[in-house]
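A note on names: the letters A, B, ... follow the listed sequences, proteins ahead of strands, and every chain is numbered from 1.
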Number of protein chains: 2
Amino acid sequence: MPTLRLALAQVNPTVGDLAGNAELVRRWTRRAADAGARLVAFPEMVLTGYPVEDLVFRRSFVAASRAALHSLAADLAADGLGDLPVVVGYLDADGPPQVSADAEPGRGARNAAAVLHAGTVVATYFKHHLPNYGVFDEDRYFVGGDTLTVVRVDGVDVALTICEDLWQAGGPFAVARRAGVGLVVTINGSPYELNKDDIRLPLVGRRAVEAGAAIAYVNMVGGQDELVFEGDSMVVAADGTLLARAPQFVEHLMVHDLDLPAAPESGTPESGELADGMRIARTRINDAGPAPAGPPAVGGLVEPAADEAEVWQALVLGLRDYVDKNKFPSVVLGLSGGIDSAVVAALAVDALGPQRVVGVSLPSQHSSEHSREDAAELAKRTGLDYRIEPIQPMVDTFLANMSLSGVSVENLQARVRGVILMALSNQEGHLVLTTGNKSELAVGYSTLYGDSVGGYNPVKDVWKTLIWRLAKWRNADAARRGETPPIPENSIGKPPSAELSPGQLDSDTLPDYTVLDPILIGYVDGDLGRDGLVEAGHDPAMIDRVLRMVDTAEYKRRQSAPGTKISMKAFGRDRRLPITNRWREHG
Amino acid sequence: MPTLRLALAQVNPTVGDLAGNAELVRRWTRRAADAGARLVAFPEMVLTGYPVEDLVFRRSFVAASRAALHSLAADLAADGLGDLPVVVGYLDADGPPQVSADAEPGRGARNAAAVLHAGTVVATYFKHHLPNYGVFDEDRYFVGGDTLTVVRVDGVDVALTICEDLWQAGGPFAVARRAGVGLVVTINGSPYELNKDDIRLPLVGRRAVEAGAAIAYVNMVGGQDELVFEGDSMVVAADGTLLARAPQFVEHLMVHDLDLPAAPESGTPESGELADGMRIARTRINDAGPAPAGPPAVGGLVEPAADEAEVWQALVLGLRDYVDKNKFPSVVLGLSGGIDSAVVAALAVDALGPQRVVGVSLPSQHSSEHSREDAAELAKRTGLDYRIEPIQPMVDTFLANMSLSGVSVENLQARVRGVILMALSNQEGHLVLTTGNKSELAVGYSTLYGDSVGGYNPVKDVWKTLIWRLAKWRNADAARRGETPPIPENSIGKPPSAELSPGQLDSDTLPDYTVLDPILIGYVDGDLGRDGLVEAGHDPAMIDRVLRMVDTAEYKRRQSAPGTKISMKAFGRDRRLPITNRWREHG
């Protein structure tokens, strides 16, 4: 049984940065070679970044991706790395886009993988199953492939697959079994969701058993607009046993020795048509390779983090990459003394360091003493750049020149704060962070162009009750490490208030969050209707009240900033609801 | 040859308003019966409105659509209309959504048509070809049908099809020929695009020849968020000759007598499998019907309007339906004296009447005398509710309390205007209209949370050069009708300026719009790359300058208001580009 030393490069590419991503592949291939690897795999579409969305329709972009792939093969050889087979994802096309006037049946853009070896592209594979749900639109972009690519490496037959191929039964994994391969490499751009790691591992195990082969699963890491990729790369044996698992949310090279069955002299079936509609294409790179030198390479088994730790890391990484990949020097946010802005500030400091975070206290006549103190205390604990900009003079000038009352006056204060933050952004170059949580966003408890102002919202997909849990976890974690907990206990403990009118509390307008959140989670995340919510034991009158708020807030949500997604049902791309819509479930 | 009196009901349903839409069908079926029609057809998904987007995933909504269909059949019979076969579009499902854990192969949600007769649903058809490009996501929502439904009405075999079935070769129309039908009814929710009417007519003619049958094409009319449906319903003979064509942008009942071949005693092939993978399902409603009474019904041939007239009507209808279907009492917008706000004001007055339009002049120290006069003149000509709210006191208070300079001061003025408009919206209930044109939006020449504030932008998809053409056309049209041209000539003639700093002109920052727009049209609407633009004869340095602006404005565009779409490439749903993206075509 040959022993193959595998390297899985869990790296962080940037969409559109073909040169930078190629450079990344060269750097990590060097590391893999130095570790004695005989095969190295990179994530789905690592060369272009993922997802590229409508860039697929730019012919110049497709041409650039193909050109970059061939240059990369040559550059790897020039680097002295030509001997090491490298699996990389890229964007390919074997015809015009399917939607164009000159489309050809069965041809078009492809979500592709290539094996680079000896300076050339020795094999390619086109993703077979295309996801078209949630954040995925791949039926819009790609044509599915119908050929399983099998590459012989060091005498082992290795099949290539891409992401969704793993998530649907049948297709490439079933064909891999019939082709008698020893290993299936699957390259992924699989976005983070809370608890997805708990689903992913058993799924990979099941597919390994289905294919009768070990699986090497490599996933992207990093933030891309609303998506965060977590890594969680792994190696699973043919019987489904987990052999190695990489850490989440960091770049990582996992090197692992795998004992794999030697392929027969010539694999059967040979290249050509198979009964179930897919073809096989076989390529031979080399037969028996050298035994690995030195001590055995062991990938290690990292336990996934607990929920709060996992979400915190996802939010930090999503924010950092949004800021850095878009080349913002720094961020600015309003500090109210409340829990949401405190958590966002702590996230921002963890993501960027305190020097790159500006926190602005924006007190009005309704701001309580404790609010000002809590904001200052947060600033002191985190070391961020703290400013105070009282809003009352501006608010008073508006009120002197217009006849406003009630909610208009409340919203005016939030909008003056928005103008100040945007002015600081213009003047000093900061990205404005929005701090509204998912519960607020769901029920529309915010001011359009007021507290919703900003270019990115790290907690857009975080329910209010989870905000509190995150704050407590982050403080406890700091305490565990002997550091100062960043979030003032008073911000965690006090009753939430917008402080836009005297003595105002969230509970004047909203149900208690411990009542509100479970209904919202059922309605939004769980797609439960009114009947389902009643069945789940919620009070019908309360359900009606909450659903009414959610349904009428669509218009505000459409104008909210992008933000890190931690669920399948973040507001934004995964929920596409008409604004003009008279459908109401509630009474 | 039997003569069948057809009625095509080009109506305006509302998404989600099942009860209201059913009522609409009953009312128009009554009109069709009164006109002696023997078959009446309503648009695609008329019962739910279209598109319903992720409402498809609400099981309660699917159940409500099916229940509404059956109630409608019974109600029509109770109305004494049970004799008249009625074709209606609705949402159906014969299994859980395809993306759910309990999905069944080949089953799921359906974009469906039903024939209602004698109080029951006598036949159904499931859309075969699903569009999944541009604004369409139907692969996300529906499973395509594999059965052609043929209904015998007054001795004529009539096949049912839905929208995209017409736009792709093969499929239902090819099967209709083999089934020997005399008429194909196609029900549509086909959104308006400039010049689509020029493509639609020859396409319908071609499909008629392909099917060897007459085609009755009925399309929806009305606005739904960014989409406008134009109607343009028509009847085409089996040889492709246009027989009748309805007006655009208005509800209309087209009644037309068609001489159609009598079906044989029993059609062949019978219900069952056909060679090319689709089945046929035949239903017999009645054999030879009565000859039409009275004079022949002639649908008439309305010529589509000229480009400017067509776009104007589209923008008016899109705005009116957005405001009315969402139940806004009125709109408010800033009047700068410039061409964009003048055109939006004229559109709003045409859509809603002057009593429902508030125009606010928001002068600063940089506002020229002519700007104030032009705004006042526009108000006088249109009769809208005119206000003046000087912004200088608020701007000065911000400047006294913060250290701002340069662009920050320019943007501050735009944001103070935004705060005032939103305050008026809060205080009085108006929807704020945004007035930025597509050229501005493309290059990011606007202030985020300033002039971009608002809930709807009627000219979001209108290039600046087209704004001028629309203004001239609207004025000339008024003059032709002996009415006061609404737009002051000076607003049309003067050089465009944002008036945010002394003597500022758009041309300080942007190329002349006659240079800018053709490049933008090639890059955005035409998906041309840099090479294609150079080939088209544009100056390479100018191309680079423009492309750089477009590529860096994505972040602002993501936060813009929805607005009426008149092209295949409006910013918004039909262009999905990553914000974080390093790909640059330009030098």
Side-chain angles (χ1 to χ4, degrees), chain A residues 14-17 20 51-55 57-61 99 132-133 139-140 224-225 322 325-326 389 393-394 397-398 401-402 404-405 407-408 411-412 415-416 418-420 422-423 426-427 448-449 453 455 527 529-531 555 558-559 561-562 575-583 585, chain B residues 14-17 20 51-55 57-61 99 132-133 139-140 224-225 322 325-326 389 393-394 397-398 401-402 404-405 407-408 411-412 415-416 418-420 422-423 426-427 448-449 453 455 527 529-531 555 558-559 561-562 575-583 585:
Chain A
T14 299
V15 165
D17 188 7
V52 295
E53 304 190 79
D54 278 13
L55 288 177
F57 301 131
R58 300 273 175 89
R59 290 176 191 220
S60 53
F61 185 67
V99 294
N132 202 66
Y133 52 82
D139 282 341
R140 177 179 169 96
Q224 169 61 31
D225 295 353
Y322 194 84
K325 291 182 179 179
N326 288 305
E389 297 277 359
M394 288 72 116
T397 312
F398 277 100
N401 285 276
M402 300 183 74
L404 301 179
S405 58
V407 172
S408 307
N411 285 331
L412 173 65
R415 292 195 180 110
V416 166
V419 172
I420 292 173
M422 288 306 296
N426 274 167
Q427 192 69 33
L448 193 52
Y449 313 120
V453 152
D527 255 332
R530 187 180 186 282
D531 291 351
Y555 163 73
R558 277 279 184 106
Q559 301 193 39
R575 270 173 70 87
R576 302 182 190 177
L577 288 170
I579 301 178
T580 305
N581 166 25
R582 298 269 177 85
W583 170 249
E585 291 223 44
Chain B
T14 298
V15 165
D17 188 7
V52 296
E53 304 189 79
D54 278 14
L55 288 176
F57 301 130
R58 299 273 175 88
R59 289 175 193 221
S60 52
F61 186 68
V99 295
N132 202 65
Y133 52 83
D139 281 342
R140 178 181 168 95
Q224 169 61 32
D225 294 353
Y322 193 84
K325 291 181 179 180
N326 287 306
E389 296 277 0
M394 287 73 114
T397 312
F398 277 101
N401 284 277
M402 300 184 74
L404 301 178
S405 58
V407 172
S408 308
N411 285 332
L412 174 65
R415 291 194 180 111
V416 166
V419 172
I420 292 174
M422 288 306 297
N426 273 168
Q427 191 68 34
L448 194 53
Y449 313 120
V453 152
D527 255 333
R530 187 181 187 280
D531 291 350
Y555 163 72
R558 277 278 184 105
Q559 302 194 36
R575 271 172 71 85
R576 304 184 190 175
L577 288 170
I579 301 178
T580 305
N581 165 25
R582 298 270 177 87
W583 170 248
E585 290 223 45

**Q** If I take atom CG from residue A/L404 and atom CD1 from residue B/I420, how far apart are they, to the nearest 0.5 angstrom?
**A** 9.5 Å
**Q** Rounded to the nearest 0.5 Å, what separates atom CG in B/D527 from atom CZ in A/R59?
**A**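 Going from the CG atom of B/D527 to the CZ atom of A/R59 covers 9.0 Å.
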**Q** Decide yes or no for B/L577 and A/E53: does some side-chain heavy atom of the first lie under 4.5 Å from some side-chain heavy atom of the second?
**A** no
**Q** Tell me, out of A/D139, A/N132, A/D225, A/D17, who's got the most heavy-atom pairs with chain B below 4.5 Å.
**A** A/D225
**Q** Side chain to side chain contact (heavy atoms under 4.5 Å, CB included) with A/D531: which residues, sequence neighbours excluded?
**A**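 Here no residue qualifies.
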**Q** I need the residue from A/L448, A/V416, A/V419 with the largest number of non-hydrogen atom pairs under 4.5 Å to chain B.
**A**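 Of A/L448, A/V416, A/V419, A/V419 has the most heavy-atom pairs under 4.5 Å with chain B.
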**Q** Heavy-atom pairs under 4.5 Å with chain B are the metric here; pick the option from A/N401, A/L412, A/V407, A/I579 that has the most.
**A**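 Among the listed options, the one with the most contacts to chain B is A/I579.
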**Q** Could you check which of A/A561, A/G529, A/S60 has the highest count of heavy-atom pairs closer than 4.5 Å to chain B?
**A**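 Of the candidates given, the most pairs with chain B belong to A/S60.
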**Q** Does any heavy atom of chain A fall under 4.5 Å from the side chain of B/Y555, the backbone, both, or neither of them?
**A** side chain
**Q** Yes or no on side-chain contact (heavy atoms from CB on, under 4.5 Å) for A/R415 and B/R415, after CA distance, side-chain angles and deciding distance?
**A** CA-CA 9 Å; A/R415 292 195 180 110; B/R415 291 194 180 111; over 6 Å; no
**Q** Shorter than 4.5 Å, heavy atoms on both sides: which option in A/P562, A/G418, A/G20, A/S405 has the most such pairs with chain B?
**A** A/S405
**Q** When rounded to the nearest 0.5 angstrom, what distance separates CH2 in B/W583 from OG1 in A/T14?
**A**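 One gets 15.0 Å once the value is rounded to the nearest 0.5 Å.
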**Q** Less than 4.5 Å to any heavy atom of chain B: does that hold for the side chain of A/Y133, its backbone, both, or neither?
**A**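 For A/Y133, backbone and side chain are both near chain B.
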**Q** Excluding sequence neighbours, so at least two apart, what forms ring-ring contact (aromatic ring centres under 6.0 Å, His included) with B/F398?
**A** none
**Q** Whether the side chain of A/R582 engages the backbone of B/K325 through a donor-acceptor N/O pair (distance < 3.5 Å, no angle test) should be reported.
**A** yes
**Q** Could you tell me if B/N411 and A/N426 have a donor-acceptor pair between their side chains, going purely by distance under 3.5 Å?
**A** yes
**Q** Between B/V15 and A/N581, does the side-chain contact (heavy atoms from CB on, under 4.5 Å) criterion hold? Intermediate values first, please.
**A** CA-CA 5 Å; B/V15 165; A/N581 166 25; 4.0 Å; yes
**Q** State, yes or no, whether a side-chain contact exists between B/P578 and A/Q224 at a heavy-atom distance under 4.5 Å.
**A**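 Yes, close enough: below the 4.5 Å cut-off.
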**Q** Within the 4.5 Å heavy-atom criterion, are B/Q427 and A/M402 side-chain neighbours or not?
**A**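 Result no, sub-4.5 Å side-chain heavy-atom pair not found.
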**Q** For A/S408 and B/A423, work out which heavy atoms get closest and say how close.
**A** OG-O, 4.1 Å
**Q** Tell me, side chain or backbone of B/V52 under 4.5 Å from chain A's heavy atoms, or both, or neither?
**A**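 The answer is the backbone of B/V52.
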